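Treat the numbers as computed from the prediction; the structure is a model and nothing was measured.
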Amino acid sequence: MRAVGIVLAGGNSSRMKELSNKRAVAAMPIAGGYRSIDFVLSSMSNSHIQKVAVFTQYNAKSLNEHLNSSKWWDFGRKQGGLYVFTPTTTPKNSYWYRGTADAIAQNLDFLKNSHEPYVVIASGDGIYKLDYSKVLEYHIAKKADFTVVTSDISGRDDPSRFGVIKTDADGRIIDFEEKPISADGSQVSTGIYVVRRRQLIELIEKAIEEERYDLVKDIIIRYKGVKRVFAYPINTYWSNISSVDSYFKTNMDFLKADVRNYFFKEYPDVYSKVEDLPPAKYNSGSFVKNSLVSSGCIINGNVEGSILFKKVYVGNNCSIKNSIILNDVYIGDNTHIENCIVESRDTIRANTNYVGENGKIKIVVEKNERYAL
Amino acid sequence: MIKKEMIAMLLAGGQGSRLGVLTADVAKPAVSFGGKYRIIDFPLSNCINSGVDTVGVLTQYQPLRLNTHIGIGIPWDLDRNVGGVSILPPYEKSTSSEWYTGTANAIFQNMRYMELYNPEYVLILGGDHIYKMDYEVMLDFHKANKADVTLATIPVPIEEASRFGVVITDEHKQIQEFEEKPEHPRSNLASMGIYIFSWPVLREALIKLRDQPSCDFGKHIIPYCHEQGRRIFAYEYNGYWKDVGTLGSYWQANMELIDLIPVFNLYEEFWKIYTKNELVSPQFVAEEAVIDKAIIGEASEIYGEVHNSVIGSGVYIAPGAVVRDSIIMSSSSIGENTVVDRSIIAEKVQIGANCVLCTGEDIPNKVKPDVYSFGLVTIGEDSVIPSNVRIGKNTAISGETDISDYPGGILSSGETLIKVGEKL
């Protein structure tokens, strides 16, 4: 592959509410066994991008833990590797990343010292599979300066939290409005871009000189009239998880056979860190329906229409409905949980009730003392 | 200079013929266990958890699965700059080229591998038991006793002791006598086939007995050391240790994992068992599924019923199917409305719809009554079973079978159906 990868994983989103208190969005657990960033890293690895930089800033502890080895995604080669860049102070700079363009600017040496002619930039909060080399081919064929991967989200998600895009018949972007008050159209930017490396270096240097720090607003949108900026629409599954609702919905999508087959069974695979947990265990009295169950779980109660992430313990006589239970949660006996997202490493006391009323998703954060089992 | 205090030599070359069709294409240490593991994961995990980071795995019989499973040892953290895991198959030599003819002969043929690491102690392990053991504690025992050889032993009920090699020790645990499968055992301490040798002692014995045909640790090396007056001690181990050498004990050991709090608990944080994980996606349990008492591996899809069973990774159980008291290994599929009782189904097996497994009378197997017993149905890897057949007890099936192989749609109890396909 003739590109290096950049993953923008520094962000926090207030739309994630309490869920982002403890981690960056890119580290959010997805579909039982994965974290959000696995999807972009796997796609990069599967597209034969060998050198990838991940920019982190906001609460990167979970993310760093997840990225503690690059071998799961098959990076960590002599040719290339996985680099994690957090803001550092230098004689010339003592700022945090003031925006996505600034993040790239502060690590411009990474781009300057690479020899690959192109750069693939992607965010860490998208759930999809994509062969970036197809996007690159398109980019070259269109003689584009910037290519933005787009997806039509009509009926799935609210376009007004994305960049809404309009193109001409040739695919060239004529209108690109970031988070419009009222969206006109449902073709949105997926936050995946392809650009020539020298072009990117030049534009970033110029933007920083002018004290502009955002990649989308200050570079892509600003230059769309003078540079050739193209849209590459995809119609395969794509979802952005940066709001509680879409996070919930995206996870629940994996209860559908077609979504599951697309991600888990069709080539290419999505990789994640292996945690060496034993197989899930169902004890007598367990009653599980229409649910995803991950390794390390022990189930004694009822689970319906839910996703149990890794190492969840469900006590006797519990009932869990339409909920997402994140990693390493202990649920005491006789507990009822419905329409909830239970934060990871929670300990839920026995005989308690948590219900998201009127179909609204409730986020449960319970840090009780856990006694050794 | 390279120096390792203790290296391990893991004997993984045996077929394990008492596992019948399960080991037709794979060596016994590579057979699945407990949903997602393979038998060899237990000694390998024990090694790394005990701080032994140099392991030679001796292979001979059908090594492909073992080779791909072990790779460069990443799952066990045995990918090391110095040491790590090495696969040691028999190789051609300028003078005498031979297969591994016995356990000690296999070790003898890898003398140069051991010398490479300049060890003080060599740990000899087998690849056919399920257990968690800290070899470092055993080594401490070996050192404290200034032993030349230490055997790991386990107390067994005295009435069963005649099935084992037992040792008779003095009050300091020094071994006075050995009895191989004694009729009237005088001790209940059985040898586990795990030895620590001080390297010069092992080296001397291997060289001295180099011309012994089928040179074996239990039969030749240990008795030789005993004759030479070496200090041989018995280290007593009291944890879970399970031989899975027969279909009955293999089935039993798997079933024990399903108990509410199993004696052998895989869910403890301490002493993790590592394995190569090919799949990380969660399992799906459908609306119409019923599961009670089971362990189930990653990425399996359950639409039917599962009772009291061990299910591997990537298994598909169709709507209406009922699986009871059975072991289904990775990537197999069970067709609609098929009833599976007391069966051991190996990897990548496809079973059609409306079949009944394990039905009829308990008639002993006609070909190998000592192998295919316990009233089980055993189906080998990559087998195909057509729809609408009934399969009796104490039966074995291997290969791609079709309906013409089942007269009247039935494989009676005690029958064996082995089709050697066009597998190249």
Novice: Using a cut-off of under 4.5 Å for heavy-atom pairs, which of A:Lys281, A:Lys289, A:Glu304, A:Lys310 has the most such pairs with chain B?
Specialist: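 Between A:Lys281, A:Lys289, A:Glu304, A:Lys310, the count favours A:Lys281.
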Novice: Among A:Ser272, A:Ser295, A:Gly33, which residue forms the greatest number of heavy-atom pairs with chain B at distances under 4.5 Å?
Specialist: A:Ser295
Novice: Taking every heavy-atom pair that is under 4.5 Å apart, which of A:Ala280, A:Gly32, A:Ser284, A:Gly285 has the most such pairs with chain B?
Specialist: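 When all of A:Ala280, A:Gly32, A:Ser284, A:Gly285 are compared, A:Ala280 has the most.
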Novice: Does any heavy atom of chain A fall under 4.5 Å from the side chain of B:Asp41, the backbone, both, or neither of them?
Specialist: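 Neither the backbone nor the side chain of B:Asp41 comes within 4.5 Å of chain A.
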Novice: Measure B:Ser281 against the heavy atoms of chain A and call it side chain, backbone, both or neither at under 4.5 Å.
Specialist: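 Both parts, heavy atoms under 4.5 Å.
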Novice: Does one side chain, of A:Asp333 or A:Asn317, offer a donor that lies under 3.5 Å from an acceptor on the other?
Specialist: no
Novice: Could you tell me whether A:Phe254 and B:Phe284 have their ring centroids closer than 6.0 angstrom?
Specialist: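 Distance test on ring centres: not under 6.0 Å, no.
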Novice: Answer with yes or no after comparing the ring centroid distance for A:Phe264 and A:Tyr34 against a 6.0 Å cut-off, counting only values under it.
Specialist: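 Close enough - the centres of the two rings lie under 6.0 Å apart.
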Novice: For the interface with chain B, which of A:Ser294, A:Gly296, A:Gly305, A:Ser291 has the highest count of heavy-atom pairs at distances below 4.5 Å?
Specialist: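 Among A:Ser294, A:Gly296, A:Gly305, A:Ser291, the one with the most close pairs to chain B is A:Ser291.
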Novice: Considering non-hydrogen atoms only, spot the tightest contact between B:Met329 and B:Val315 and give its length.
Specialist: O-CG2, 3.3 Å
Novice: Centroid separation under 6.0 Å, is that true for the rings of A:Tyr237 and A:Phe263?
Specialist: yes
Novice: Side chain, backbone, both or neither: which part of A:Ile298 has a non-hydrogen atom closer than 4.5 Å to chain B?
Specialist: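 Just the side chain, heavy atoms under 4.5 Å.
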Novice: Would you say CZ of B:Arg80 has more than 12 non-hydrogen atoms from neighbouring residues, nucleotides or ligands within 6.0 angstrom?
Specialist: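 Enclosed.
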Novice: Measure up the B:Phe42 and B:Phe264 rings against each other and bin them: parallel (under 30°), tilted (30 to 60°), perpendicular (over 60°).
Specialist: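 Geometry flag for B:Phe264 against B:Phe42: tilted rings.
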Novice: Got a donor-acceptor contact below 3.5 angstrom from the B:Asn254 side chain to the B:Gly34 backbone?
Specialist: yes
Novice: Out of B:Ser300, B:Ala289, B:Ala286, which one racks up the most heavy-atom pairs below 4.5 Å with chain A?
Specialist: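 Of the options given, most contacts go to B:Ala286.
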Novice: Please find the pair of heavy atoms, one from A:Arg23 and one from A:Ser344, that lie closest to each other, and give the distance.
Specialist: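 That closest heavy-atom pairing would be NH2-OG, 3.0 Å.
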Novice: Under 4.5 Å heavy-atom distance to chain A, tell me which part of B:Glu288 shows up: side chain, backbone, both or neither.
Specialist: backbone
Novice: Examine whether an atom of B:Asp259 lies under 4.5 Å from a heavy atom of chain A, and if so say whether it belongs to the side chain, the backbone or both; otherwise answer neither.
Specialist: backbone
Novice: Indicate yes or no for a side-chain donor-acceptor contact from A:Arg260 to the backbone of A:Leu255 under 3.5 Å, with no hydrogens or angles considered.
Specialist: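 Side chain of A:Arg260 to backbone of A:Leu255: a pair is present.
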Novice: Using a cut-off of under 4.5 Å for heavy-atom pairs, which of A:Leu308, A:Leu277, A:Ile307, A:Asp269 has the most such pairs with chain B?
Specialist: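 Sorted descending by pairs with chain B, the first entry is A:Leu277.
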Novice: Does the side chain of A:Asn46 pick up a donor-acceptor pair with the side chain of A:Tyr271 at under 3.5 Å?
Specialist: yes
Novice: Given 3.5 Å as the limit, does a donor-acceptor pair link the side chain of A:Ser42 with the main chain of A:Phe39, or not?
Specialist: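 Absent.
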Novice: Is B:Leu257 in contact with chain A via its backbone, its side chain, both, or neither, using a 4.5 Å heavy-atom distance?
Specialist: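 Only the backbone of B:Leu257 comes within 4.5 Å of chain A.
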Novice: Please find out if less than 6.0 Å separates the ring center of A:Tyr313 from that of B:Tyr267.
Specialist: no
Novice: Answer with side chain, backbone, both or neither: which region of A:Ala31 has an atom nearer than 4.5 Å to a non-hydrogen atom of chain B?
Specialist: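 Interface part for A:Ala31: backbone (N, CA, C, O).
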Novice: Does anything in residues 291-299 of chain B reach chain A? List residues with heavy atoms under 4.5 Å apart, or say none.
Specialist: B:Ile291, B:Asp292, B:Lys293, B:Ala294, B:Ile295, B:Ile296, B:Gly297, B:Glu298
Novice: Can you tell me which portion of A:Lys311 sits under 4.5 Å from chain B's heavy atoms? Options are side chain, backbone, both or neither.
Specialist: side chain
